[in-house]
Amino acid sequence: MSMASDLRPRRRLLIPASALALGLALTATAQEAGKPASPIFGVTVPDGYRAWQLIAPALEGEPLNELRAVVGNDVAVKAYTSGTLPFPDGTVLVKLAWQHVPSPEFEPATVPDRATTVQVMVKDAKRYPETGGWGFGRFVDGKPVDEAQHQTCFACHEARVKDRDYVFTRYAR
C-alpha cells in the first residue's frame, strides 16, 4: 500500500449508540459498505459472525444432506439463555451449511466438506412487520440467491414454527 492511499479521506458511518447496542444497524452499514444484500429484505452477511456463539448444530437429511451450525449475536444468545420469546429486535441468527463426508482420520465421524449456504435472520419488527419482524437472507458463495427463493423463507417458518417466533433452531444446552 502506498503512502498516497493511506492519506485518502475515509468515509465514516455515523450510527447511533442505541442502534449499535441492539445490533439494528448491521444491515444498513453493511449495505452502505457495498456488501451484497438479499432481495426483498436487504439482509447481508454480518461481519465477524464466525466468532459468534454456537446456538446449535444440526444434521439435515436428504434431499439437502447438510451439516449445519447456527450461531447468534449477543442479543440472540441472551434471548435463548433467558427463554425470551418473542426474540428482541437486534437478534441476528446465522446458519452455516456444508455437505458432509466421513472423516478420513476417524471413520465413525462425519465432517464438513464443501460449504453450501449461509443463511441470515435479522429481527427488526419495524422494518419487517409483514414477516413476523424477521428479515431473511440466503447466500451461496457470498452472493444472495434470487428473489424467488427469498419469497419462500417466511412461508416455511410461518407454517412450522410460528409459536416459536418463527425460529426453527432450539438452543443446544
Side-chain angles (χ1 to χ4, degrees), residues 19 22-50 52-77 79-80 83-101 110-172:
L22 290 173
L24 295 176
L26 260 176
T27 302
T29 59
Q31 284 178 309
E32 289 174 16
K35 289 177 72 174
S38 67
I40 305 171
F41 302 100
V43 169
T44 62
V45 176
D47 292 330
Y49 74 92
R50 291 295 296 257
W52 291 0
Q53 188 169 332
L54 178 68
I55 302 299
L59 183 60
E60 182 82 27
E62 295 295 339
L64 296 175
N65 196 31
E66 292 178 332
L67 179 62
R68 296 176 170 191
V70 174
V71 297
N73 68 354
D74 291 340
V75 178
V77 171
Y80 270 110
T84 301
L85 279 181
F87 286 90
D89 280 0
T91 297
V92 182
L93 299 170
V94 178
K95 181 191 316 176
L96 298 86
W98 304 266
Q99 291 180 337
H100 57 90
V101 296
T110 298
V111 296
D113 192 30
R114 185 184 68 78
T116 57
T117 64
V118 173
Q119 298 175 43
V120 182
M121 287 179 67
V122 175
K123 183 70 179 268
D124 185 338
K126 290 180 185 167
R127 188 168 179 192
Y128 308 113
E130 287 121 19
T131 52
W134 291 98
F136 300 87
R138 183 168 184 250
F139 301 84
V140 175
D141 294 327
K143 296 178 180 105
V145 297
D146 63 22
E147 186 172 330
Q149 289 185 57
H150 281 91
Q151 288 174 345
T152 67
C153 295
F154 182 65
C156 184
H157 287 248
E158 183 179 38
R160 294 182 167 97
V161 286
K162 184 176 182 176
D163 62 330
R164 291 206 333 261
D165 195 22
Y166 309 100
V167 175
F168 283 96
T169 304
R170 296 175 187 262
Y171 191 65

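Side chains are part of it too, since the values below use all heavy atoms of this structure and drop only hydrogens, waters and symmetry mates. Here, residue 1 is the first one in the sequence, and each next residue gets the next number.
- A donor-acceptor contact shorter than 3.5 Å is absent between the side chain of Asp113 and the backbone of Val101.
- A donor-acceptor pair is defined here as one N or O able to donate and one able to accept, closer than 3.5 Å; such a pair exists between the side chain of Ser38 and the backbone of Phe136.
- In this structure, Asp124 contributes its side chain and Gly135 its backbone to no donor-acceptor pair below 3.5 Å.
- Note on ring orientation: taking the six-membered ring where Trp is involved, the planes of Phe41 and His150 are tilted (angle from 30° to 60°).
- Residue Asp74 places its CG atom among 12 or fewer non-hydrogen atoms of other residues, nucleotides or ligands, all under 6.0 Å distant.
- When atom types are taken as modelled, the side chain of Trp134 and the backbone of Asp165 share a donor-acceptor pair closer than 3.5 angstrom.
- Between Tyr49 and Val118, the closest heavy-atom pair is OH-CG2, 3.8 Å.
- Separation of atoms CG (Leu85) and CZ (Arg164) is listed at 8.5 Å; rounding is to 0.5 Å.
- Between Ala37 and Pro144, the closest heavy-atom pair is O-CG, 3.2 Å.
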Taking it one step at a time, do Leu96 and Arg50 satisfy side chain to side chain contact (heavy atoms under 4.5 Å, CB included)? CA-CA 9 Å; Leu96 298 86; Arg50 291 295 296 257; 3.4 Å; yes
Could you give me the CA-CA distance, side-chain angles and deciding distance for His100 and Asn65, then say whether side chain to side chain contact (heavy atoms under 4.5 Å, CB included) is met? CA-CA 7 Å; His100 57 90; Asn65 196 31; 2.9 Å; yes
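- Scored by the salt bridge (Lys or Arg N to Asp or Glu O under 4.0 Å) test, Glu158 finds no partners at all (sequence neighbours excluded).
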Full working for side chain to side chain contact (heavy atoms under 4.5 Å, CB included) between Thr44 and Val120: CA-CA 8 Å; Thr44 62; Val120 182; over 6 Å; no
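- Around the CD atom of Glu62, the shell of radius 6.0 Å holds more than 12 heavy atoms that belong to other residues, nucleotides or ligands.
- Between Asp47 and Lys35 there is a salt bridge, since a side-chain N of the basic residue sits under 4.0 Å from a carboxylate O of the acidic one.
- Thr116 pairs in a side chain to side chain donor-acceptor pair (under 3.5 Å) with only one of the listed residues (Gln99, Arg68, Glu66), which is Glu66.
- The structure places OG1 of Thr131 at 10.5 Å from NE2 of His157, a figure rounded to the nearest 0.5 Å.
- Pro86 approaches Lys123 most closely through the heavy-atom pair CB-NZ, 3.9 Å.
- The side-chain contact (heavy atoms from CB on, under 4.5 Å) test with Thr169 is passed by exactly one of Ile55, Leu93, Val161: Ile55.
- In this structure, Trp52 and Pro46 approach most closely via the heavy-atom pair CH2-CG, 3.6 Å.
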Decide yes or no on side chain to side chain contact (heavy atoms under 4.5 Å, CB included) for Phe168 and Val70, but give the supporting numbers first. CA-CA 10 Å; Phe168 283 96; Val70 174; over 6 Å; no
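- Of all the heavy atoms in Val92 and Ala76, the pair that sits closest is O-CB, 3.8 Å.
- At most 12 non-hydrogen atoms from other residues, nucleotides or ligands lie less than 6.0 angstrom from CZ of Arg160.
- When all heavy atoms of Pro88 and Val75 are compared, the closest pair comes out as CG-CG1, 3.7 Å.
- Using cut-offs of 30° and 60° on the angle between ring planes, the pair Tyr166 and Phe154 is tilted.
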